[in-house]
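Everything below concerns the one structure shown next.
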Amino acid sequence: LDGSGPRLRSVIAINPHSLEQAKESDERRLAGATLGPLDGVPVLIKDNIETRELPTTAGALALRGNRTNRDAPLIAQLRKAGAIILGKTNLSEWANFRSERSSSGWSTVGGQTRNPYDPLRTPCGSSSGSGAAIAARFAPVAIGTETNGSIVCPSHVQGLVGFKPTVGLVSQTHIVPISGSQDTAGPMALDVDSASQLFLAISDQSPLGEPLSGSKLTQPAQLRLGIVRSATGYHERVDETFNKTIDQLRAHGVTLIDELTLKPNYEGFYDDTYLVLLWEFKEGLNAYLSTLPAPMPVDSLESLIAFNRQHADEALRYFPQDIFERAASLTPIDAPRYLAARQRVQQETRTAIRSLIQEHRLHGLIAPSGGPAWSIDRITGDRFLGGFSTYAAVAGFPHLTLPMGSVFHLPVGLSIIAEANADQSVLAAGRAIERILRVRLRPTLIEPDS
């Protein structure tokens with residue numbers, strides 16, 4: 001199915017042992033020895049996360065043969081819960097941190113992933129294959145990763161629930177890195193309960209915050225949310241859908257505090273966030289490549305740049321590696337500048353979110369997740385209209401998106417963010433909102449009218 005019709009190209013590889021694992025799960029269930037709610041559930045895994053059966057390529061030619069024969073800790077935890085690792089999903093190559101002119105969902109290994117709601121439009125974000133596969137119902141749940149928007153955006157434009165946990169609650173070991181201060185894996189699913197079960201399975205520790213089951217936040221009248229109006233204006237139809245959503249929430253008794261703002265308080269904020277990513281990418285990728293168990297053609301960012309130049313016809317076919325080159329140009333002399341930038345951006349984002357939540361006694365802040373999906377263009381790159389991911393991403397705070405409706409035939413999502421370790425509270429709030437909105441979308445896999 002993935003390679004026929006609109007050719008979604010959402011899956012890179014299938015686990016050859018998945019049917020065997022499914023039979024084992026059936027036998028456990030028949031014997032009354034189930035391992036829990038995830039036992040026998042097929043899970044697709046973004047192909048920057050190591051699984052022992054399959055190579056971990058990050059979509060890149062240089063890592064096509066990267067067989068480590070090991071599981072990332074989150075994969076080991078999924079297996080312990082009885083989940084079946086169904087296969088690996090395509091992604092934006094190197095998690096969309098190679099060029100500023102990239103096409104979301106394109107990789108050398110996997111080709112161009114397409115959005116099941118409109119195959120001419122972007123699946124968005126680097127967890128694009130995970131999103132497209134779940135939207136097309138190839139599996140019920142998937143794991144994505146996010147540095148800034150890469151779980152949230154593909155979920156938002158493909159009608160899914162996507163959850164980026166508090167950074168540190170899910171182990172990043174044996175995952176191809178971008179940023180040690182922002183990277184996290186997280187669930188993508190068709191509903192909040194499924195995402196919650198997956199999150200609980202992959203969490204490193206008992207997640208903090210109010211528990212999901214039995215939470216008073218499942219009662220709308222107990223819910224207090226802040227409306228971040230500064231995070232609107234991506235598209236007029238998205239704003240219309242958001243305003244209708246606000247009216248629905250208010251009609252069901254949700255307390256809403258309006259006209260809140262999240263905007264940088266100092267010039268150079270976005271330059272600082274970029275420097276943090278460049279520095280941490282170079283440091284993290286060098287460490288990852290240099291410790292791979294199998295011999296690979298690259299063992300550092302510098303050798304990766306050289307490899308891509310040597311294989312430019314394939315690896316650099318559509319866009320360059322300018323982000324790689326900027327990261328490689330950093331030297332130890334830039335360390336103080338990086339440390340100061342990280343301190344500034346974390347203080348800015350964490351203080352801004354906390355102050356709004358504490359001042360107004362909120363369970364979370366809401367906004368549209370972003371603009372509608374744009375047309376795929378591998379020649380000139382993405383036409384991103386904006387999104388709500390940056391503050392929670394830089395702060396390392398939890399971020400949930402869930403469907404709030406459609407703009408024409410394209411899904412759009414509602415975001416909820418909160419303070420660090422309020423993950424369970426955010427999920428509970430999302431569950432309450434999901435019950436109010438009752439939005440359930442399904443792609444038709446047909447070309448839209450012109």
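The first residue of the sequence shown is numbered 1, and numbering continues consecutively from there. FYI, side chains are in, hydrogens and waters are out, and symmetry mates aren't considered; it's all heavy atoms of this structure.
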- Side-chain contact, heavy-atom cut-off 4.5 Å: Trp94 with Gln321? no
- Query: Going through the distances and angles, do Phe324 and Phe281 end up as a ring-ring contact (aromatic ring centres under 6.0 Å, His included)?
  - Reply: CA-CA 9 Å; Phe324 282 6; Phe281 175 70; 5.5 Å; yes
- Query: Hey, is CZ on Arg442 packed in by over 12 heavy atoms from elsewhere, all under 6.0 Å?
  - Reply: no
- Message: Please determine whether the number of non-hydrogen atoms from other residues, nucleotides or ligands lying under 6.0 Å from atom CG of Leu19 exceeds 12.
- Response: no
- Message: Checking side-chain polar atoms at under 3.5 Å, does Ser99 have a donor or acceptor matched by the opposite partner on Ser102?
- Response: no
- Message: If you take the centroid of each ring, where Trp contributes its six-membered ring, are Phe319 and Trp106 closer together than 6.0 Å?
- Response: yes
- Task: Assess the side chains of Glu93 and Tyr318: does a donor N or O sit below 3.5 Å from an acceptor N or O?
- Result: no
- Thr51 and Asn15: side chain to side chain donor-acceptor pair (under 3.5 Å), yes or no, with the steps? CA-CA 9 Å; Thr51 64; Asn15 176 7; over 6 Å; no
- Message: Between Glu146 and Lys164, does any NZ, NE, NH1 or NH2 come within less than 4.0 Å of an OD or OE carboxylate oxygen?
- Response: no
- Taking only Lys NZ, Arg NE, NH1 and NH2, and the carboxylate oxygens of Asp or Glu, determine whether Glu53 and Arg79 approach each other closer than 4.0 Å. yes
- Query: Does the side chain to side chain donor-acceptor pair (under 3.5 Å) test come out yes or no for Asp183 and Thr147, once each step is laid out?
  - Reply: CA-CA 5 Å; Asp183 287 353; Thr147 304; 2.6 Å; yes
- Greater than 12 external heavy atoms within 6.0 Å of Arg317's CZ: no
- side-chain contact (heavy atoms from CB on, under 4.5 Å) with Asn96: of Ser126, Cys124, Ser107, only one passes, and it is Ser126
- Is there a side-chain contact between Thr390 and Leu262, using heavy atoms and a 4.5 Å cut-off? no
- Report yes or no: does Asn48 contribute a side-chain atom to a donor-acceptor pair with the main-chain N or O of Thr145 at less than 3.5 Å? no
- Query: Do you see a donor-acceptor pair shorter than 3.5 Å between the side chains of Asn66 and Thr56?
  - Reply: no
- Steps toward side-chain contact (heavy atoms from CB on, under 4.5 Å) verdict (Trp279, Asp334): CA-CA 9 Å; Trp279 179 274; Asp334 296 300; 3.9 Å; yes
- Crowding at CZ, Arg29 (>12 non-hydrogen neighbours, <6.0 Å): yes
- Message: Under a 3.5 Å distance rule, please check whether Lys282 uses its side chain to pair with a backbone N or O of Leu330 as donor and acceptor.
- Response: yes
- Task: Take atom CD of Gln343 as the centre, draw a 6.0 Å sphere, and report whether it contains more than 12 heavy atoms from other residues, nucleotides or ligands.
- Result: yes
- Query: Only one of Asp271, Val394, Leu275 clears side-chain contact (heavy atoms from CB on, under 4.5 Å) with Val345; which?
  - Reply: Val394
- Between Ser415 and Ser369, does any side-chain donor sit less than 3.5 Å from a side-chain acceptor? yes
- Query: Any luck finding a side-chain donor-acceptor pair between Lys46 and Ser127 under 3.5 Å?
  - Reply: yes
- Item | Polar side chain donor-acceptor pair, Ser128 to Ser104, under 3.5 angstrom | no
